[in-house]
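The structure under discussion appears below in the form of C-alpha cells.
A note on names: the letters A, B, ... follow the listed sequences, proteins ahead of strands, and every chain is numbered from 1.
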Amino acid sequence: MNKVYNNRAWWLILPMLLLVAFSAVIPLMTVVNYSVQDVFDANTRFFTGTEWFKEMLNDPALQAAVLRQFAFSLTILAIEVPLGIGIALIMPKKGWRASAALILVTMPLLIPWNVVGSIWQIFTRGDIGLMGWSLRELGYSYNITSNPVDAWATIILMDVWHWTSLIALLCYSGLRSIPDAYYQAARIDRASKWAVFRYIQLPKLTNVLVIGVLLRFMHSFMIYAEPFVLTGGGPGSSTTFLSQSLTTMAIGQQDLGPSAAFSLIYFLIILLVTWVFYTAIMNMQKDNNKGA
Amino acid sequence: MAEITLKSLAHTYLANPQSPQDYAIREMNHVWHQGGAYALLGPSGCGKSTLLNIISGLLEPSSGEVLFDGEVVNELPPEARNIAQVFQFPVIYDTMTVYDNLAFPLRNVKTPEERVHERVMEVADVLELTFQLKRKAKNLTADEKQKVSMGRGLVRDDVSAILFDEPLTVIDPQLKWKLRRKLKEIHQRFQITMVYVTHDQLEASTFADKVAVMYEGQVVQFGTPRELFETPNHTFVGYFIGSPGMNFLNVSASEGVVWAGDTALTVGHGVCDAIEKATSSNIKLGIRPEFIEVHAAPVEGGMPAQVDHAQDLGTYSIIYLVLGGISLKARIEEDQVTPAGKAWLRFPDERLGLYVDEYRVEIDHE
C-alpha cells in the first residue's frame with residue numbers, strides 16, 4: 001500500500017481537541033486565571049502573580065491539612081491493600097458461594113458517599129447507634145464529637161469498610177486469571193503456601209494492585225462527603241482534610257484567588273505522588289542485569 | 001529413582017460413569033521401569049495428560065493404584081512423591097532471575113546453598129542457559145522460558161521420575177530437535193526415569209526407548225518404535241504410526257480364497273486359515289504402504305490395480321491406488337518407476353497383519 005502524505009489530515013484531530021478543551025483545558029485555565037488575580041467584581045481585578053501561591057504554601061492550617069491528608073491516605077492504603085488481598089485469597093472460587101461472596105463484597109461499593117457518612121453517623125451515636133452504644137456499654141467512653149482519636153479511628157474504619165472491596169475485587173479477578181499450571185508447577189516444585197503467594201500470586205497481582213493503589217490513593221486524597229457528614233471535620237480541625245478546607249475557603253469565604261491557587265497545588269500534589277509511585281513500580285519490574 | 005507401576009488404574013471425570021466411553025482412562029496395568037526413557041503417544045484427548053497427572057499426583061485416580069517401587073502412593077500429593085513435571089506451556093516465576101528459578105525446587109526443601117549452586121550451574125550448562133542466569137525470567141523468549149521450566153525438573157537429581165507433558169509445543173522446529181537430543185543426553189547422563197507425552201510420532205521415537213501408544217483411554221501397545229512400525233498390535237497403532245498410516249482392508253474368506261469385497265486377494269494360506277478361524281466378522285487385513293510391492297508390468301501373483309494419482313515428496317512418492325474399489329496407499333522410493341494408469345500389486349505374506357476386532361492375531365505362515 002502506498003502511503004499518502006496529506007497535511008489536511010491534521011484536521012481529523014480537531015474533534016478530539018475540542019472535547020479535551022471543554023472537558024479539561026478550559027475549566028483548568030479558569031482556575032489558573034483566578035489563581036493569579038485578585039477579583040473584586042466583574043470590572044475590578046488586580047494581577048497578583050505568585051502571591052496567592054506563596055500565601056497558601058505558608059498557611060499553617062493548610063500545611064496541617066496536607067499532613068493530615070497524607071497520614072489518612074497512607075493509613076487506609078496500609079490497611080486496605082493487605083486486607084483486600086487477604087479477602088480475595090479466601091473468597092470462594094466456584095459455585096454459588098463464589099457468586100454470593102462477590103455480591104456481599106461488592107455491596108459497600110454501591111452505597112453513595114453521603115449515605116455512607118449518614119449510616120456511620122447513626123451507627124456511631126452513643127444513644128441509638130449500634131456501635132456507639134455497644135462501646136459505651138462495654139465501658140469505653142466513645143465520642144467522635146469530642147475525642148479526635150475516636151473520630152480518626154472511625155473515619156478510617158468507615159473508609160476501610162467502604163473501599164476495601166475495591167481492592168478485593170481487583171485482586172480476585174487477578175487471582176482468577178492465573179492458569180492452573182502455575183499452581184500445579186508450584187506443587188511439583190514443592191513450594192510452600194507462602195512461596196506460592198510470594199512468587200506466583202503476588203507477582204501476578206502487581207498490575208491490578210498498581211491500579212488499585214493509584215485509585216485508592218487519588219480517591220482517598222480527595223475524600224470529602226463521608227467525613228463531612230460524619231464529623232464535619234471536627235473535633236476542632238482534627239479530621240478536616242484538604243477538600244474540606246478548600247470548600248470552606250472557596251464557597252464559605254468566597255476567597256476565589258487563594259482557593260484557585262490552592263486547587264492547583266492540590267492537583268499537582270496528586271499528580272506528583274501518582275507519577276512517582278507509578279514510575280517507581282515500573283522501574284522495579286525492569287531487568288537490572290540485561291544480558292549480564 | 002523409582003519403578004512406577006499402574007495397577008488396574010482407571011479414571012473418570014464424571015460422578016456416575018455409565019459406559020467405558022465415560023472413562024478418560026480405562027482400566028489398565030502398566031509398568032515404567034526405573035531409568036527408562038518412555039514416550040506416551042496418542043491423539044489429543046486420548047487420556048495422555050490425565051495419565052501423567054495421575055502419576056505425578058495432581059489427579060487422584062477414580063480406581064486402581066499407583067505404586068512407586070511397590071509402595072502405593074495414591075494418597076500422596078505431588079510434593080510428597082518427589083516427582084518432576086514439565087508442562088506444555090512454560091511456567092516460570094516472573095519476578096525471579098533464571099538462577100533463582102532453577103534453584104527454587106531445591107531451596108524449597110532447604111538444600112545447602114553450595115549444593116544448589118553446583119546443581120544449577122550443571123543444569124544451566126546442559127541447557128545452555130549459563131549466560132542468562134542473572135536475567136529476570138519474565139524477559140526471556142518463549143523457548144528460553146520452556147528451557148527454564150525443564151531445568152527446574154532437571155535440577156532435582158533425586159526425583160522418582162521426570163514427566164514431560166508435550167514440552168516442546170511452543171518451541172521452534174529447529175530448536176525442538178536440539179532440545180530433544182539434549183533431553184536424551186540428559187537421560188543418558190543421569191539415568192532418571194522419563195515419561196514424555198506427545199502426539200508426534202517422530203518426537204516419541206527419537207526420544208524414547210519404548211513407546212506406549214494410547215487410544216481412547218487405553219494403552220493399546222507398548223513397544224520399541226520398530227515394533228510399533230513393523231507389528232502394530234492394534235489397528236489404531238497401524239493407522240497412527242507411519243506416514244502415511246497402514247492400509248486396512250475389510251476381508252472375509254470362503255473356500256480357501258481371501259476376499260476384500262468382490263476382489264480376490266493373492267495372499268498365503270496362513271492368512272486364509274486365520275480368517276476362517278476368527279469368530280468375529282470384524283476382520284481387517286493390514287499392510288504398510290512401505291511394504292506393498294508395486295509393479296508397472298504384470299508379475300506372478302500380482303493383483304491389478306488402478307493408479308489414481310501420485311504425490312512426490314522428494315526422496316519418495318506416495319501413490320494412491322484403487323484395488324477393486326478399495327483405496328490403498330503405497331510408498332515407492334525415488335529410484336523406482338512410478339507406474340501410470342495400471343499397476344500390479346503384491347502383498348508379501350510376512351508383512352501382512354491380520355486384525356480381528358481391531359487387535360492383531362497371529363498368522364501361521366508355515
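To the nearest 0.5 Å, atom CG of residue B:Asp94 and atom NZ of residue A:Lys204 are 4.0 Å apart. Interatomic distance, CZ of A:Arg190 versus CG of B:Asn82, reported as 4.5 Å (0.5 Å rounding). Here the OH-CG distance, from A:Tyr199 to B:Asn101, works out to 10.5 Å after rounding to the nearest 0.5 Å. Distance CZ/B:Arg107 to OG/A:Ser192: 13.5 Å, rounded to 0.5 Å.
Smallest separation of non-hydrogen atoms from B:Ala84 and A:Ile188: CA-CG2, 3.7 Å. A:Arg187 and B:Gly57 get closest at one heavy-atom pair: NH2-O, 4.4 Å. Across all their heavy atoms, B:Asn108 and A:Ala191 have their closest contact at ND2-CA, 3.4 Å. In this structure, A:Ala195 and B:Phe104 approach most closely via the heavy-atom pair CB-CZ, 4.0 Å.
Proximity to chain A (any heavy atom under 4.5 Å) is shown, for B:Arg81, by neither the backbone nor the side chain.
Dense packing is recorded around CH2 of A:Trp161, with more than 12 heavy atoms of other residues, nucleotides or ligands lying under 6.0 Å away. Other residues, nucleotides and ligands place more than 12 heavy atoms under 6.0 Å from the CZ atom of A:Phe70. No more than 12 heavy atoms of other residues, nucleotides or ligands lie within 6.0 Å of NZ in A:Lys193, so this atom counts as exposed by the packing criterion. By the 6.0 Å contact criterion, NZ on B:Lys7 is open, its count of non-hydrogen atoms from other residues, nucleotides or ligands being 12 or less. In this structure, B:Glu118 places its CD atom where more than 12 heavy-atom neighbours from other residues, nucleotides or ligands lie under 6.0 Å away. More than 12 heavy atoms of other residues, nucleotides or ligands sit less than 6.0 Å from atom CZ of B:Arg115.
When each of B:Asp100, B:Leu163, B:Ile83 is scored by its heavy-atom pairs under 4.5 Å with chain A, the top score falls to B:Ile83. The most heavy-atom pairs under 4.5 Å with chain A, out of B:Leu133, B:Asn53, B:Ile92, come from B:Ile92.
In summary, the side chains of A:Asp189 and B:Tyr93 do present a donor paired with an acceptor at a separation below 3.5 Å, with no hydrogens or angles considered.
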